[in-house]
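Model, not experiment: these values are computed from the prediction.
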There are 2 protein chains.
Amino acid sequence: MGITKTQIFNAEQNELAVIFKVLSNPARIAILQYISQQDACICNDIVDEIGLAQPTISQHLKELKSIDLIRGEIEGKTVCYCIHLPKWTAVQASLNSFFDTTKSNCC
Amino acid sequence: MGITKTQIFNAEQNELAVIFKVLSNPARIAILQYISQQDACICNDIVDEIGLAQPTISQHLKELKSIDLIRGEIEGKTVCYCIHLPKWTAVQASLNSFFDTTKSNCC
DNA sequence: TTTGGATATTGCTATATTGCGATAATAAAG
DNA sequence: CTTTATTATCGCAATATAGCAATATCCAAA
């Protein structure tokens, strides 16, 4: 997205922005919702479900993995993707902290 | 950011993605935090505080306004930006609903 | 060892985003 | 009316992103 001047912001601001950026695509939202509904989730199932090409899904999964929101466990030929609950909960707590803190002094 | 195929996703997924996208920039996070700390906030103060040029701040404010997270009240020569609390609270509730629902069936 | 299925990587095009200088628009003050 | 201060808009350059076809990798089964 063009050059973001990350160096002029603090760690919390940059980390929040990264989390929001990973979640800022409807395909990744849909992937997360779909994964959460499956017992054992396989990438190819996601491709059929979402309606994007396999390389595109693979790229989105990589971005979700980059902040540890999901983890992939290799099972033979396939990969079982799961939401990584500790991180998922931590991210939700971070966002709530941001929303609570930021509104506190609001006019 | 390239062409996102919004038409293959549902309204909830697209709306969540838009919210996350607006919040996915550290400058906008910093602006929100700064606005919330001020009694009366003036755009030029934000420029001094954040360290980006005035047109850049103006553009970020526009994006925050686009989903009604903040509102600007014209006061003579200046504009007083405030967090729009009803929307702010609603957004937080939406995100919590997404996080709670999505983790519910997780392995 | 070869085949076939599943996932990842590469390389590309089209489009979006970030940031800024120049400039316009607006409104109070002189 | 003109000046001055504040904010918005325009237009640009640099970079990031979304999506896909082609291809590579990996592993189990034959």
Side-chain angles (χ1 to χ4, degrees), chain A residues 1-9 13-14 17-31 34-35 38 40-67 70-82, chain B residues 1-9 13-14 17-31 34-35 38 40-67 70-82:
Chain A
M1 59 166 83
I3 314 168
T4 302
K5 291 191 163 180
T6 53
Q7 70 278 6
I8 68 175
F9 304 107
Q13 292 161 343
N14 285 312
V18 167
I19 290 168
F20 284 127
K21 189 174 303 180
V22 168
L23 294 170
S24 72
N25 181 290
R28 293 196 282 274
I29 300 289
I31 288 171
Y34 182 67
I35 286 180
Q38 307 307 309
C41 188
I42 297 166
C43 178
N44 217 43
D45 289 350
I46 305 179
V47 173
D48 296 338
E49 173 70 16
I50 307 285
L52 293 172
Q54 179 267 325
T56 306
I57 298 293
S58 187
Q59 173 65 22
H60 284 311
L61 289 168
K62 188 178 175 182
E63 291 179 52
L64 292 168
K65 272 190 290 187
S66 74
I67 60 166
I70 63 172
R71 287 190 171 176
E73 199 176 327
I74 298 171
E75 295 189 349
K77 265 188 294 193
T78 68
V79 179
C80 173
Y81 283 104
C82 282
Chain B
M1 58 165 86
I3 314 167
T4 302
K5 290 189 164 180
T6 54
Q7 70 280 5
I8 67 174
F9 303 107
Q13 291 160 343
N14 284 312
V18 167
I19 291 169
F20 284 127
K21 190 173 302 181
V22 169
L23 295 169
S24 72
N25 181 290
R28 292 196 284 273
I29 300 288
I31 288 171
Y34 182 67
I35 286 179
Q38 308 307 309
C41 189
I42 297 166
C43 179
N44 217 40
D45 290 349
I46 305 179
V47 173
D48 296 337
E49 172 72 15
I50 307 286
L52 292 172
Q54 180 269 326
T56 307
I57 298 293
S58 188
Q59 173 64 21
H60 284 310
L61 290 169
K62 188 179 177 184
E63 291 180 51
L64 291 168
K65 271 190 289 187
S66 75
I67 61 166
I70 64 173
R71 287 191 172 177
E73 200 175 327
I74 297 171
E75 293 190 351
K77 263 188 296 194
T78 67
V79 180
C80 172
Y81 283 105
C82 282

| query | Would you call Leu52(A) and Lys5(B) a side-chain contact if the rule is heavy atoms closer than 4.5 Å? | reply | yes
| task | Indicate, with a heavy-atom threshold strictly under 4.0 Å, whether Gln59(B) touches base, sugar-phosphate, or nothing. | result | nothing
| note | The nucleotide from dT15(D), dA6(C), dA18(D) with an atom nearest the side chain of Ile3(A) is dT15(D)
| message | Check the phosphate of dA8(C) against Ser58(A), side-chain N and O only, distance under 4.0 Å to OP1 or OP2. Yes or no? | response | yes
| request: Looking only at side-chain atoms of Leu52(A), point me to the closest of dC20(D), dG21(C), dC27(D). | output: dC20(D)
| field | Asn25(A) side chain near dA18(D) phosphate (N/O to OP1/OP2, under 4.0 Å) | value | yes
| query | Please give, in whole Å, the distance from dT17(C) C1' to Leu23(B) CG? | reply | 16 Å
| query | Can you check whether Tyr81(B) has a side-chain N or O nearer than 4.0 Å to OP1 or OP2 of dT6(D)? | reply | no
| query | Should Lys65(B) be listed as having a side-chain N or O under 4.0 Å from OP1 or OP2 of dA8(D)? | reply | yes
| task | Give a yes or no on whether a donor-acceptor pair under 3.5 Å exists between the nucleobase atoms of dA8(C), that is its base, and the side chain of Gln54(A). | result | yes
| note | Lys21(B) NZ to dT17(C) P, in whole Å, measures 5 Å
| Candidates dT7(D), dT7(C), dA28(C) - which lies nearest the side chain of Thr78(B) | dT7(D)
| remark: Among dA8(D), dA5(D), dG19(D), the one nearest any side-chain atom of Thr4(B) is dG19(D)
| query | Are OP1 or OP2 of dG19(D) and a side-chain N or O of His60(A) less than 4.0 angstrom apart? | reply | yes
| Any donor-acceptor N/O pair, Arg28(A) side chain to Leu64(A) backbone, under 3.5 Å | no
| said: It should be established whether Lys62(B) places a side-chain nitrogen or oxygen under 4.0 Å from OP1 or OP2 of nucleotide dT7(D). | reply: no
